[in-house]
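First the structure, in the form of structure tokens, and then the observations on it.
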Amino acid sequence: MFELLTEHQFWTAVVVYWIFSAAVSSMPDPAGNGSSGYLWLYRFLHTIAGNITTAFGSKIPGLKTFTWLLVALLAAATSACAARYTVHPGALNKTDSAAYDILLVAETAIDQARLDYKSGHLPAGAKPAFDALIKSYNIARDSWLAYRSAIATNAPAAVYFSQLNQNLTDLAVRIRELGKTK
């Protein structure tokens, strides 16, 4: 349920606002001789729940058109659902799966650079960057395996996670460095 709400944040906010607005609208009107605290709360909640178009529609010319344009732009700029990430079969969690994806990208970059090197298409100055990428890949892969082992054995994975994160960041830097030498 929580994942559904986090993947649909915009619509969750709309529904929560609608429920809040309905709850505020159902509040009984304050009595003429009622408490000043309830009167303040009533006015405060109605102000918060108020619709911007209703509050300023007659005071700001063109606001209705602007509001519709703004809503259309926001709808176009944000998707109704959050980007979905499909966890690989056999992955222990999303982090494990994402790390595997990064290692696959690095492995592909290494394979392509190796082919370029053998065919003579890799510049001579790219060899140190290529070697650094291979070294960084091996370190990242080892830390990924250590992280997987910690998760699988229910060991505290925080240390392994931070090391994996650092090693994957270093690996991404090495991939960029190799790309710049080409």
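Being a predicted model, the structure only gives us computed values, none of them experimental. Just so it is clear, the values below take in all heavy atoms, side chains as well, and ignore hydrogens, waters and symmetry mates.
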Would you say [Y] ends up clustered with [X] if hydrophobic residues are merged whenever their side chains have heavy atoms under 4.5 Å apart, either directly or through other cluster members?
| X | Y | result |
| --- | --- | --- |
| L92 | L104 | yes |
| L115 | I175 | no |
| V87 | I151 | no |
| V159 | L164 | no |

Hey, could you give me the [atom1]/[atom2] distance between [X] and [Y], rounded to the nearest 0.5 Å?
| X | Y | atom1 | atom2 | result |
| --- | --- | --- | --- | --- |
| R43 | Y38 | CZ | OH | 12.0 Å |
| D170 | K135 | CG | NZ | 11.0 Å |
| L133 | R114 | CG | CZ | 9.5 Å |
| N165 | T95 | CG | OG1 | 9.0 Å |
| Q112 | F130 | CD | CZ | 10.5 Å |
| L171 | L103 | CG | CG | 6.5 Å |

Worked check of salt bridge (Lys or Arg N to Asp or Glu O under 4.0 Å) between D131 and K127: CA-CA 6 Å; D131 292 340; K127 181 74 168 120; 2.9 Å; yes

Check whether any side-chain heavy atom of [X] lies under 4.5 Å from a side-chain heavy atom of [Y], and answer yes or no.
| X | Y | value |
| --- | --- | --- |
| Y160 | R148 | no |
| D96 | N93 | yes |
| L168 | W144 | no |

A124 versus P128, closest heavy-atom pair with distance: O-CD, 4.2 Å

Test ring pair (Phe, Tyr, Trp, His ring centres under 6.0 Å) applied to Y42 - qualifying residues, sequence neighbours left out: H46

Could you tell me whether a side-chain N or O of [X] sits under 3.5 Å from a main-chain N or O of [Y], the two making a donor and an acceptor?
| X | Y | value |
| --- | --- | --- |
| S97 | H88 | yes |
| S136 | A132 | no |
| T153 | S149 | yes |

R174 and E177 ion-paired at < 4.0 Å: yes

Mutual orientation of the aromatic rings belonging to F161 and Y147 [parallel < 30°, tilted 30-60°, perpendicular > 60°]: tilted

Test applied, side chain to side chain contact (heavy atoms under 4.5 Å, CB included); reference residue, Y137; option that passes from I102, I110, D142: I110

